[in-house]
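What's counted below: heavy atoms across the whole structure, side chains too, no hydrogens, waters or symmetry copies.
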Amino acid sequence: MPWDEGLVNSLVYDAPDPNEGRVLGYAQAVNEALSLALDHDPAVFVTGQGVDDPTAMFGVTKGLQEKFNAGRVFDSPLSEEGMMGICTGAAMHGMRPVFMHNRPDFILLAFNQLVTHAAKMHYMDNGQTTVPLVVWAAIGRGWGSGAQHSQSIQGLLLTVPGLKIVMPSTPYDAKGLMLSAIADNNPVLVFEHRWLMKKEGVVPEGMYRVPFGKGVYRRRGKDLTIVGASHALELSLQAANKLAAEGIDAEVIDLRTLKPLDEEIIAASLQKTGRLLVVDTGWAMGGVCAEIGCLAAEKWFEHLKGPVRRIGLPDIPHPAGYTLEQFFYPDVARISQTIREMCGK
Amino acid sequence: MPWDEGLVNSLVYDAPDPNEGRVLGYAQAVNEALSLALDHDPAVFVTGQGVDDPTAMFGVTKGLQEKFNAGRVFDSPLSEEGMMGICTGAAMHGMRPVFMHNRPDFILLAFNQLVTHAAKMHYMDNGQTTVPLVVWAAIGRGWGSGAQHSQSIQGLLLTVPGLKIVMPSTPYDAKGLMLSAIADNNPVLVFEHRWLMKKEGVVPEGMYRVPFGKGVYRRRGKDLTIVGASHALELSLQAANKLAAEGIDAEVIDLRTLKPLDEEIIAASLQKTGRLLVVDTGWAMGGVCAEIGCLAAEKWFEHLKGPVRRIGLPDIPHPAGYTLEQFFYPDVARISQTIREMCGK
Amino acid sequence: MIRYPYQGTSFDDWQHKLSSYAPEFLLKLFRDMLRIRIIEEEVERRYFQDHMKTPIHLVIGQEATSVGACAAMTRADLLYASHRTHGNYLAKGGDLKAMLCEFHCRINGCTGSRGGSMHLMDKSVGMAGSSAIVAGVVPIATGAALAAQMHGESYVTTVFLGDAATEEGAVSEALNFAALKQLPIVYFCENNFYSVQSPLVTRQPKRELYKWAAGYGMASELVDGTNVLAVYETMQTAVARAKRGEGPTFIESPVYRFRAHGGAGDDSKTGYRDIAEREAWEKVCPLETYFTFLKSAGLIDETVRNTMAGEIMAETMEAFDYALASPKPTEADLYTHVYAD
Amino acid sequence: MIRYPYQGTSFDDWQHKLSSYAPEFLLKLFRDMLRIRIIEEEVERRYFQDHMKTPIHLVIGQEATSVGACAAMTRADLLYASHRTHGNYLAKGGDLKAMLCEFHCRINGCTGSRGGSMHLMDKSVGMAGSSAIVAGVVPIATGAALAAQMHGESYVTTVFLGDAATEEGAVSEALNFAALKQLPIVYFCENNFYSVQSPLVTRQPKRELYKWAAGYGMASELVDGTNVLAVYETMQTAVARAKRGEGPTFIESPVYRFRAHGGAGDDSKTGYRDIAEREAWEKVCPLETYFTFLKSAGLIDETVRNTMAGEIMAETMEAFDYALASPKPTEADLYTHVYAD
Ligand SMILES: Cc1ncc(C[n+]2csc(CCOP(=O)(O)OP(=O)(O)O)c2C)c(N)n1
Ligand SMILES: Cc1ncc(C[n+]2csc(CCOP(=O)(O)OP(=O)(O)O)c2C)c(N)n1
Ligand SMILES: [Mg+2]
Ligand SMILES: [Mg+2]
């Protein structure tokens, strides 16, 4: 079995209610989005290492080359920086590339093109060109992914103007946000999480777009506000649901996109709860948690009833072995414990 | 005149008091540190594009090749990623490289080697090797440096474990922190600021080290705490000194190093003032300001009397023309205005 | 010591080719080079007045490459430039006023004062862009060529790069991809032997650049960058190859910059290169050798040249006046185009 | 369809060279290859038991390159590996127990469970490191060679890389620098024609890799990666060149992996490569062709081989038992070595 497939298969999520609509896996939802976008607009193309191979980016690109031909869905050389520039150039000249990576770690090779070119072109050109580029990657975790295959890089990129950052948590969002990303005229980073790839959910057929900058309540509550995205939010939601039995009523907000950030939904919730827990899949220091925690101190200070807390990764590289990973990654138990502390229980 | 030389020459700083010791320019102070380090340890070498040319990295590497020969002070090909890896490898095998860049922007080309290799080697190897590597760059500003030659990247790197980040404000610190950086057994980023290069200060001769993780008070006060480093701190200090005349008594803390961060000095000051202004040369969103602002909300919430404020750059790429730059960069007047607001004046 | 001697043969043996060109074309090449030279010299002369607060990288001495290359391209073809943009921009048909407004940081600069001299860009004439990051546009230009291929459009993309740019891994990655996909692109490498003040010898092993590029499985040529006709012909072949769908070409073109890497004046006296080296190359100045060549064929004389120069000077002065009188951006201008709608 | 046929001549015409080698040496090469094969097969067999939670990249079929290369190196010489580390680690003298402990995520793994299979490292035997980032160690190894040159030390650094690694710009940058400085390094490129499931044809233009490398102005060789003696001899020349201070060598070595890119078993049935291709290469299995070669020279027979296999199997079993009985890290172990003192 390739790599962490067994592990991802073994994860258990709440089953969706099939009465609410068609149930689809997360990877299939992204696959459907790509397929619709390719069908809808001849300018869209998909590239990345192995997008046309049998494993097909965790299944996300399965069947696309057969359906849309090798001109529009094609393998890429191992040249992350070069290909990021090539996709940027193609985007500046009428194409809408989707550039896919197995891991966000590989995007670090392309920071010059991403940060200093793609993100800035439209501004530097005074609006003459646009860069409708989607950069996709799946955050790794577990099974020895280790320090070089597990990095969440949204915390490095949040500070960069010109970029948008998308981190879906559900199959519904994964599809709708991907369709929005491809339709967007700016460079958009879509970070999925390996552990969500087989999660199932209700996903409408056909085109729909989930707007950027609009968070969503995953749980309503009054005792504290938990905000985050992707797998970190999923874990927090599980913790929050469990804690209801202990009389803790948490509000859980899925931000969906980190840039643009839905400040309003956080502000509204904080006004009610006065307590903020920020969660992220990346390092807690200096990243997404820091930005949102700082916003609270800056803009919503008057609502705060107690210190802000953040749950991300410790300031340590990711270890490889599961024997160390268990101490490294926050889990539902640790998130629960933090919530209890925040609520004085 | 090369590029922004005229502009940098025209900047005015408070003159140091020559009775306090030998007065030296900032660039000369770094030069002296490099010279001492090269002299002191045969493992030290200096490389980077043009380190041996007549302009000598703003003068920072002037005369070093003549003094220590072309084997130890040598020009580099235009290969930032490759050279970062080469310096990392050399550091793992007994050398202490100082890898210099005209601009931090160029380090973005080397993020894979810096973030995914240099920063993690020691951890991944379980301590078998160390990476005593210094990466130096001068932040640009003004005279058309623009979006691709003015970036402050400390905000992108703060989140990365394994790195240290140094941002001196004075000639004294520039020398002492450089000597500490070279002596350190970890990858250390030293970010200077182009506008400080000709600032003068009292600089002792010979070897001395300014420790990492120890901030310093540049001004004592009781009304609010201003923290930051490098040129942003310099501007804030100018603002604070002016505002004394208006009866505002600001405490100004120069962090010197952002990673490790001197949390104690900030906490102690906040306990007194209850008000925090964080300043940085980078974008305000998601970077250094965010981390420190979040820390306040997380660890020092009880001390806070009002919202935290941050002054960095707006969420916009750097424009090139001075005609736009004047609106883009915070200046003493804008910093003063923020301070007044925070103090209710 | 002359480290990098001129190794070409200038216009020797080119006489017999003259008849295959229309005289107007030959004169236009001269005029285009002269125009760049005059404009650059005027930019240089005024640089110390401090109205142009932008880093400049003059192309004085390197006019033949821009002019020869652009003569082989149509307006629909795309040109990408490095930081050394001025010659590329003017040769591609860029608007002089828009360029000078950009240098003067005015709102009607070709990129509204956002890009400055290192980021000249004008979509309407196929000046596709440039980057202040060495080699930054090389992959981007390759992407433009990919777009042409995917759209079935016939434009060819040419990207200028310096000798030092070839040291960047991204260039290697771009060449690999272009050769793999047989993209309609020309990599035009101006080898002026220096990167800022660093000579080739401190940066690259001994080997010929155009042979290195051939290792990527693409057509690769060496052409004398002081000979505008040679550049033109080599480019024509490359552009035609691209238009036929036969893939990319790498062109190495030895040239010499007569001025400092950046800013006004020459800096050879600082010692990184021998003044004698510059002087030796000035003897094969692309403008003067071509003038002599045309003159010996009876196609031009000093009077014609002076008339041209006068016209160009008038145009230049008018453009400077225009730039100086142009409005500066307001604060509101800072905030537009951060994101596209 | 066989896309990438074997193009070598195996051990044809090698008979006459046998006399120049000590029989013990020849048998040691065989034993080292056999050892890697047996250990890899045992790792593979046990992979589904789920005790080794680490991504593995088996070298079954590629044993001759590791063994031949390391035979030409001393313990003081350094070896850097890609993600495909096992053969490199074992051939360089790495500790089998430490390797299996690492696979089992135990504290006494060679990197204490921090690195896993893709980051095997053991300073004491000159296994200098590896990276899970393709081409990641290529510049780093080049830096190790620079350190040797600067220190005046005589060790040679060899870095293994795959065919796909050559697409990374950083490799181009490293080759340029190594050739510029004439560094004592060998770039050993195992060309197994695939990157995960992507064939060369979708990633690189048609041209020979070793000729491309020659474009950097360095010695460059092509050697049959199924022939352990050929690998050894080519490496010997390269190592000697480096030790003489005559600079780097690039070696392209065509090989074939008999298993999937990662994990256990072959995945050819998924269709990205033809099973017939693998089968064709299995006919020139580096282990079996060498066995036949030695046997025909009367240097080995099945009995000797079986004895060897038995010893190796016993060693392997003991090492697995050791790993399974080894302690796991505790929480405190997570926090050490983030920074060096
Ligand atoms: C990635 C990067 N590294 C360094 C620089 C600084 N720099 C600006 S221009 C230049 C010289 C480039 O030389 P070359 O490519 O030969 O072009 P030339 O200036 O000779 O035309 C350098 C090193 C930069 N702008 N970008
Ligand atoms: C920079 C980077 N990009 C992509 C990957 C994913 N990846 C891991 S191994 C591999 C294949 C590399 O092929 P090659 O270099 O030929 O070595 P081989 O596996 O064939 O031995 C890829 C693409 C990676 N680890 N690093
Ligand atoms: Mg040059
Ligand atoms: Mg391979």
* Who wins among C:Ile133, C:Val338, C:Ile107, C:Thr270 for the most heavy-atom pairs under 4.5 Å with chain B? -> C:Ile133

* Close side-chain approach of C:Val196 to B:Gln49, heavy-atom, < 4.5 Å -> no

* **Max heavy-atom pair count under 4.5 Å with chain B, selected residue of C:Arg106, C:Lys53, C:His261, C:Arg203** => C:Lys53

* To do: Mind listing the closest non-hydrogen atom pair of B:Trp143 and C:Pro55 along with its distance?
  => O-CD, 3.1 Å

* Asked: Between B:Gly321, B:Pro77, B:Gly144, which has the largest tally of heavy atom pairs under 4.5 Å with chain C?
  -> B:Pro77

* Asked: For the atom pair CD (C:Glu168) and CD (B:Glu80), what is the distance rounded to the nearest 0.5 Å?
  -> 4.5 Å

* Structure fact -> Under 4.5 Å to a heavy atom of chain B? For C:Glu331 that would be both

* Among the listed options C:Gly271, C:Gly109, C:Ser195, C:Ala164, the residue most often paired with chain B at heavy-atom distances under 4.5 Å -> C:Ala164

* Asked: Considering only heavy atoms, which portion of C:Thr202 lies under 4.5 Å from any heavy atom of chain B: side chain, backbone, both, or neither?
  -> both

* When rounded to the nearest 0.5 angstrom, what distance separates NE2 in C:His119 from NE2 in B:His149? -> 13.0 Å

* Identify which part of C:Thr330 has an atom lying under 4.5 Å from any heavy atom of chain B, answering side chain, backbone, both or neither. => backbone

* Check each atom of C:His337 against the heavy atoms of chain B and say whether the ones under 4.5 Å are side chain, backbone, both or neither. => neither

* What's the shortest heavy-atom distance between C:Gln197 and B:Thr55, and which atoms? -> OE1-N, 3.3 Å

* **Reported CG-to-OH distance for the pair B:Leu324 and C:Tyr335, which is rounded to 0.5 angstrom** => 10.0 Å

* To do: Give a yes or no answer on whether the side chain of B:Thr323 reaches the backbone of C:Cys105 with a donor-acceptor pair at less than 3.5 Å.
  => yes

* **Interatomic distance, B:Glu325 atom CD to C:Arg114 atom CZ [nearest 0.5 angstrom]** => 13.0 Å

* Heavy-atom check, side chain of B:Tyr322 versus side chain of C:Lys328, under 4.5 Å -> yes

* Relative to chain C, which segment of B:Ser79 carries a heavy atom at a distance below 4.5 Å: side chain, backbone, both, or neither? -> both

* **Largest heavy-atom contact set with chain B, pairs under 4.5 Å, which of C:Gly115, C:Ser131, C:Gly169** => C:Ser131

* Asked: So what's closer than 4.5 Å to chain C heavy atoms on B:Phe74: side chain, backbone, both or neither?
  -> neither

* To do: Could you pull out the closest heavy-atom pair between B:Ala320 and C:Gly116, with the gap in Å?
  => CB-N, 3.7 Å

* To the nearest 0.5 Å, what is the distance between CD1 (B:Ile316) and OH (C:Tyr339)? -> 10.0 Å

* For B:Leu109, is it the side chain, the backbone, both, or neither that has a heavy atom closer than 4.5 Å to a heavy atom of chain C? -> side chain

* Under 4.5 Å heavy-atom distance to chain B, tell me which part of C:Met118 shows up: side chain, backbone, both or neither. => side chain

* Structure fact -> Bottom line for C:Ala260: the part with an atom under 4.5 Å from chain B's heavy atoms is neither

* B:Pro319 to C:Leu334 - nearest heavy-atom pair and separation -> CG-CD1, 3.7 Å

